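Take a look at the structure set out below.
Please read all numbers here as calculations on a predicted model, not as lab measurements.
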Amino acid sequence: MTQVESKTTSNDTPFVPIEKIVALCKRRGFVYPNSEIYGGVSGIYDFGPLGVELRNNIRRYWWWSMVQLHDNVVGIEGAIITHPKVWEASGHVENFVDRLVDCKNCKRRFRIDHLPEENVLQNKCPACGGELTEPRRFNLLMETYLGVVEGERMKTYLRGEACQNIYLDYDNVVKSSRVQIPFGICQIGKAFRNEVTPGNFLFRQREFEQWDLQFFVHPSEMQQWFDFWKEKRFEWYMGLLNHKDRLHFREHGKDELAHYAKQAFDIEYQTILGWQEWEGIHWRQDWDLSRHGEYSGHDLSYSDPITKERYIPWIVETSGGVDRTFLNLLLDAYEEEPDPSGKEARTVLRLHPTIAPVKVAVLPLQKNKEELVSTAKSIHHTLRRLMVTQYDDVANIGRRYRRQDEIGTPYCVTIDFQTLDDQTVTLRERDSMAQIRLPIAELPMYLLERITWR
Ligand code: ATP
């Protein structure tokens with residue numbers, strides 16, 4: 001069941017150019033290029049005041065849905081640096097490579113697995129038709145060194161995927177937290193990849209964040225849990241989207257499947273970049289625990305407390321990206337709406353109220369009327385204890401509504417002269433722009449009911 005109430009159904013609005021989102025993010029403090037004053041670093045970004053609120057809401061909502069709502073799922077937070085053998089066991093040292101080709105004519109660089117099949121077959125650049133070079137292999141792991149004495153320093157890696165910590169901590173979790181199979185371990189954490197073709201803003205970065213569920217099952221129950229989590233994750237994304245027809249599953253072809261996988265699905269979302277992976281649902285069988293068992297010499301089998309059967313659990317993995325969620329939700333929410341009065345178009349972010357960075361703006365109708373200002377400030381101080389609230393008294397009320405629409409604030413509260421007479425305020429809703437009058441005393445509950453995930 002979708003936890004967040006479903007939003008409006010999709011319409012035929014055109015895809016939003018990424019540049020519009022980049023500009024909005026910079027202008028309103030969602031995302032900045034990292035080290036911008038030094039010219040920036042490709043594929044690395046910082047999150048500003050609104051970005052960090054949105055990101056935290058996205059993370060919290062995932063954690064709430066996955067860990068808090070499932071009695072058989074627990075969470076961990078592992079370190080970014082691990083023992084280097086982890087990456088040998090996982091196969092990343094050997095196989096975590098991108099195969100790249102360059103166009104001899106226009107000098108553009110492409111990942112072979114991202115090229116249309118006909119371009120690969122004809123060895124032809126998709127941009128200019130030029131001839132492509134022989135593929136070259138690049139390992140994506142980012143190296144780092146532990147220790148200070150030259151010659152004794154140990155080479156290791158910043159984790160290339162966050163989920164490895166879950167396999168490493170699996171045995172500790174079993175022994176310390178009374179979980180029994182079937183159960184899951186969740187984690188949200190940073191991952192680092194020396195992507196050779198970073199780009200499209202947050203879509204492909206070199207430092208990014210992933211969320212993973214690794215769900216441990218008896219082999220005989222693998223299919224049923226795979227189907228369960230596949231549907232659950234799809235519904236989760238669906239519940240946050242305006243354009244529901246832009247989400248689908250893509251099943252991996254036999255040639256894409258890992259040797260241990262019976263099935264794999266990507267949840268894909270369609271944007272101006274085409275259909276692109278958002279989250280992967282993977283059949284990992286006993287591969288990860290067996291490999292770590294083998295490389296570490298530690299027995300990672302599970303002993304069933306009732307049947308006494310001993311086996312290596314099989315794993316269903318759901319692995320998605322916080323940053324891709326951030327970007328996709330902005331692309332999904334952004335709209336420029338013509339103004340019926342023929343003035344400036346209204347830019348509105350139709351973000352789900354539960355994840356919008358600011359929940360309510362409190363606006364005195366005029367800033368030179370002391371009673372309006374003090375009443376507004378008092379309402380602001382009450383509400384800010386419960387939710388992220390902005391107080392704004394600069395410019396006319398129409399402009400202030402627009403400012404909030406552009407950052408996705410679902411509600412605005414206006415304190416006007418009637419407020420001073422009857423203690424009611426105007427509550428304006430972002431999407432419909434409908435306005436209702438509400439007693440001040442009822443405001444907190446009214447808003448909480450609409451912005452809290454349930
Ligand atoms: P892709 O094929 O797009 O490179 P992947 O199959 O390598 O992705 P996974 O290793 O399965 O991705 O990672 C899980 C999730 O992490 C992806 O579904 C995506 O949401 C996110 N992700 C992966 N690479 C990046 C990246 N470079 N920048 C931002 N998010 C990423």
Side-chain angles (χ1 to χ4, degrees), residues 1 62-79 82-92 95 159 161-189 210-236 252 257-265 279-320:
M1 209 180 65
W62 184 86
W63 195 265
W64 176 83
S65 326
M66 300 296 284
V67 181
Q68 198 171 324
L69 288 196
H70 293 101
D71 294 336
N72 56 354
V73 177
V74 294
I76 62 156
E77 187 168 320
T82 54
H83 195 287
K85 273 194 122 183
V86 170
W87 304 99
E88 288 172 34
S90 68
H92 283 75
N95 296 322
R159 61 185 177 197
E161 59 180 21
C163 64
Q164 291 297 325
N165 295 81
I166 299 183
Y167 313 134
L168 302 175
D169 289 335
Y170 149 82
D171 198 36
N172 278 325
V173 170
V174 170
K175 288 178 176 147
S176 61
S177 51
R178 298 176 57 218
V179 288
Q180 285 182 16
I181 278 179
F183 77 93
I185 303 179
C186 276
Q187 183 185 229
I188 301 181
Q210 295 181 308
W211 45 46
D212 290 283
L213 162 74
Q214 305 289 324
F215 198 78
F216 302 87
V217 302
H218 187 276
S220 64
E221 294 188 339
M222 182 70 183
Q223 186 71 57
Q224 111 193 26
W225 285 110
F226 185 88
D227 295 341
F228 175 86
W229 286 111
K230 177 176 157 244
E231 292 312 317
K232 264 266 180 262
R233 294 305 300 143
F234 193 81
E235 283 173 16
W236 191 87
H252 287 210
L257 288 176
H259 63 87
Y260 47 78
K262 182 176 154 196
Q263 285 176 297
F265 289 86
E279 172 155 327
I281 318 293
H282 301 130
W283 180 295
R284 300 207 55 95
Q285 203 150 304
D286 60 351
W287 168 254
D288 307 280
L289 292 182
S290 298
R291 288 281 285 195
H292 284 302
E294 189 188 316
Y295 275 68
S296 66
H298 196 99
D299 179 11
L300 295 179
S301 60
Y302 175 82
S303 177
D304 188 296
I306 297 161
T307 64
K308 306 294 176 216
E309 184 188 358
R310 206 167 239 295
Y311 60 95
I312 300 280
W314 285 20
I315 294 177
V316 180
E317 171 185 75
T318 70
S319 179

Taking atom [atom1] of [X] and atom [atom2] of [Y], what is their separation to the nearest 0.5 Å?
X    : Y    : atom1 : atom2 : result
S296 : H83  : OG    : NE2   : 10.5 Å
H282 : Q285 : NE2   : CD    : 14.5 Å
S65  : L213 : OG    : CG    : 12.0 Å
Q164 : T82  : CD    : OG1   : 8.0 Å
H259 : L257 : NE2   : CG    : 11.5 Å
I166 : F216 : CD1   : CZ    : 7.0 Å

Taking atom CD as the centre, does E77 end up with more than 12 heavy-atom neighbours from other residues, nucleotides or ligands that are less than 6.0 angstrom away?
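At most 12 heavy atoms, drawn from other residues, nucleotides or ligands, come within 6.0 Å of this atom.
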Evaluate whether atom CZ of R310 has more than 12 neighbouring non-hydrogen atoms of other residues, nucleotides or ligands under 6.0 angstrom away.
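Yes, the 6.0 Å shell around CZ holds more than 12 heavy atoms from other groups.
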Worked verdict on E309 versus H218 for side-chain contact (heavy atoms from CB on, under 4.5 Å)
CA-CA 10 Å; E309 184 188 358; H218 187 276; 3.0 Å; yes
Positive for ring-ring contact (aromatic ring centres under 6.0 Å, His included) with W283, one of F215, W229, F226
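Among the candidates, only F226 passes.
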Please confirm whether the backbone N or O of [Y] pairs with a side-chain atom of [X], one donor and one acceptor, at under 3.5 Å?
X    : Y   : value
N165 : A79 : yes
H292 : V86 : no
Q187 : G78 : yes
R291 : A89 : yes

Start with the C-alpha distance between Y260 and R284, add both sets of side-chain angles, then the distance that settles side-chain contact (heavy atoms from CB on, under 4.5 Å), and finish with yes or no.
CA-CA 7 Å; Y260 47 78; R284 300 207 55 95; 3.1 Å; yes
Closest approach of [X] and [Y], non-hydrogen atoms and distance?
X    : Y    : value
A162 : G189 : CB-O, 3.9 Å
I312 : S290 : CG2-OG, 3.9 Å
G320 : E279 : CA-OE1, 3.7 Å
V174 : V179 : CA-CG2, 3.9 Å

Could you check Y302 against Q180 for side-chain contact (heavy atoms from CB on, under 4.5 Å), going step by step and ending with a plain yes or no?
CA-CA 9 Å; Y302 175 82; Q180 285 182 16; 3.6 Å; yes
Can you find a heavy atom in the side chain of W236 that is under 4.5 Å from one in the side chain of W62?
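The answer is yes, as the side chains (C-beta and beyond) meet within the 4.5 Å cut-off.
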Relative to each other, are the rings of F183 and Y170 parallel, tilted or perpendicular (30° and 60° limits)?
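Rings of F183 and Y170: parallel, as their planes differ by under 30°.
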Would you call the rings of H92 and W87 parallel, tilted or perpendicular, where under 30° means parallel and over 60° means perpendicular?
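H92 vs W87 ring planes: perpendicular.
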Could you give me the CA-CA distance, side-chain angles and deciding distance for Q210 and S319, then say whether side-chain contact (heavy atoms from CB on, under 4.5 Å) is met?
CA-CA 7 Å; Q210 295 181 308; S319 179; 4.3 Å; yes
Pick from L289, I315, V73: which one makes a side chain to side chain contact (heavy atoms under 4.5 Å, CB included) with Q214?
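Of the listed residues L289, I315, V73, the side chain to side chain contact (heavy atoms under 4.5 Å, CB included) partner of Q214 is I315.
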